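Both counts, for ligands and for their atoms, begin at 1 and track the order of listing. Keep in mind the model is a prediction, meaning the values are calculated, not measured. Both backbone and side-chain heavy atoms feed into the values below; hydrogens, waters and symmetry mates do not.
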Amino acid sequence: MAATILQGKEVAASIRAELAEEVNELKKQGLTPGLTVVLVGDDPASHSYVRGKEKGCAEVGIRSEIILKDAATTEAELVGIIEELNQNPNVHGILVQLPLPAHISETAIIEAIHPSKDVDGFHPISVGNMVIGNKTLLPCTPHGVIELIKRTGTEIAGKHAVVIGRSNIVGKPVALLLQQENATVTMCHSRTQNLQEFTQKADILVVATGKPHMIGKEHVKPGAVVIDVGVNRIESGKLVGDVKFDEVQEVASYLTPVPGGVGPMTITMLLKNTVLAAKAQAGL
Ligand code: NDP
């Protein structure tokens, strides 16, 4: 039976509608959640992501501000901007769009953001809190992946989840969050031997490799939930995932499309984090 297509756009729209109501209520209490995005340089993809974030904020009523700096901005200047934002009570979330120009250390910039305003969830304190299971701002893409799986109605507890990819921003946190949802988790990466042996046993398969179409139906257990995080632009200019959509949809029970799957969830989780950060900073 063909898989149900998990339309991230639709799930994201329903979460955004809930957030818009919540923001409306907060405004009545005198609290307008605010997000500041800092963008350094002129990478077209980064500009497009930032526009998406600005649009998302407007949709749910979050006040947003974009600070644009040219590629020659120094690390010290950028740290100075972040320190001012850390002190600004109207700014509840700070996001520095990555990647940064090579002369700026991403680690130094992430660590400059106050953890209470770390809406990307990349600060070592946020990551540490996530690892030990404390309440914290979760990284947006992994959080979006978990929300999508939950919306299928699939019980995660007790399932075998296989995550392909172990990056700090996707693979590792996805695996950790699945484990916290009581899945039994296997992590695979580029040095994994006989990948198919692992993936064929997965009830939930999350693919985050950045390798277009590397997962075919031979990798997938019939009835598995398959989440394709990959976003790859191929020669024709088309955006494709890491999963061969047409053939995997023949065997999976649920499958995310690319685009329109995980992507819309990422921005939505950023909006959610901004609201959570605003409430926490206001003591609500
Ligand atoms: P990275 O390049 O940082 O990590 C890729 C991971 O995949 C690595 O752990 C690597 O293993 C593993 N890998 C690569 N090739 C193979 C292979 N042949 N077999 C098994 N594992 C492999 O990428 P990211 O985690 O940052 O992103 C992954 C994808 O997700 C990209 O396409 C990216 O564009 C997309 N993405 C999408 C987002 C969204 O909002 N939709 C947000 C963030 C990312 P090793 O560690 O051994 O090198």
Would one find an N or O of Thr266, backbone or side chain, under 3.5 Å from an N or O of ligand 1? yes
Is Asp242 close to ligand 1, meaning an N/O of one under 3.5 Å from an N/O of the other? no
Numbered atoms and elements of ligand 1 in range of Ile164, under 4.0 angstrom, heavy atoms: 20 (C), 21 (N)
Basic-acidic side-chain contact under 4.0 Å: Lys69, Glu77: no
In terms of residue, atom name and distance, what is the protein heavy atom nearest to atom 37 (C) of ligand 1? Val229 O, 3.2 Å
Please compare His189, Arg233, Arg166 and report which has the shortest non-hydrogen distance to atom 46 (O) of ligand 1. Arg166
Min side-chain heavy-atom separation Met130-Leu138 under 4.5 Å: yes
Is it true that Lys28 and Glu25 make a salt bridge, defined as a side-chain N closer than 4.0 Å to a carboxylate O? yes
Nearest neighbour of atom 31 (C) of ligand 1 from the list Gly210, Gly241, Ser167, on a heavy-atom basis: Gly210
Taking every non-hydrogen atom, the tightest pair across Asp42 and His47: CA-NE2, 3.6 Å
Note, Leu98 side chain near Leu100 side chain (heavy atom, < 4.5 Å): yes
Would you check if Val226 and Thr256 make a side-chain contact, meaning some heavy-atom pair closer than 4.5 Å? no
Charged N to carboxylate O below 4.0 Å: is that the case for Glu22 and Lys279? yes
Protein heavy-atom partner closest to atom 48 (O) of ligand 1 - residue, atom, separation in Å: Ser190 OG, 3.5 Å
Can you sort out which atoms of ligand 1 are near Val170, meaning under 4.0 Å from one of its heavy atoms? 25 (O), 43 (C), 44 (C)
Taking only heavy atoms of Ile169 into account, list the atoms of ligand 1 that are under 4.0 Å away from them. 26 (O)
Does the residue Ala208 have a heavy-atom contact with ligand 1, meaning some pair of atoms that are separated by less than 4.0 Å? yes
Short list, please: which atoms of ligand 1 are under 4.0 Å from a heavy atom of Met214? 17 (C), 18 (N), 19 (N)
Considering only non-hydrogen protein atoms, determine which one is nearest to atom 15 (N) of ligand 1 and report residue, atom name and distance to 0.1 Å. Lys211 CG, 3.6 Å
Nearest non-hydrogen partners of Leu137 and Ser126, listed with the distance: O-CB, 4.1 Å
Nearest protein heavy atom to atom 42 (C) of ligand 1, by residue and atom, and its distance? Thr141 OG1, 3.3 Å
For Gln29, I'd like to know if atom CD has over 12 heavy atoms of other residues, nucleotides or ligands within 6.0 Å. yes
Going by heavy atoms, is Cys188 under 4.0 Å from ligand 1? no
What residue and atom, counting heavy atoms only, is the protein's closest point to atom 5 (C) of ligand 1, and at what distance? Thr209 O, 3.5 Å
Restricting to heavy atoms, the pick from Val231, Leu270, Asn232 nearest atom 33 (C) of ligand 1 would be Val231
Kindly indicate whether the side chain of Leu19, heavy atoms from C-beta on, has any atom under 4.5 Å from the side chain of Lys272. yes
Around atom CD of Gln196, are there more than 12 heavy atoms from other residues, nucleotides or ligands closer than 6.0 Å? yes
Quick one: look up the protein heavy atom nearest atom 12 (C) of ligand 1 and list residue, atom name and how far away it is. Gly165 CA, 4.0 Å
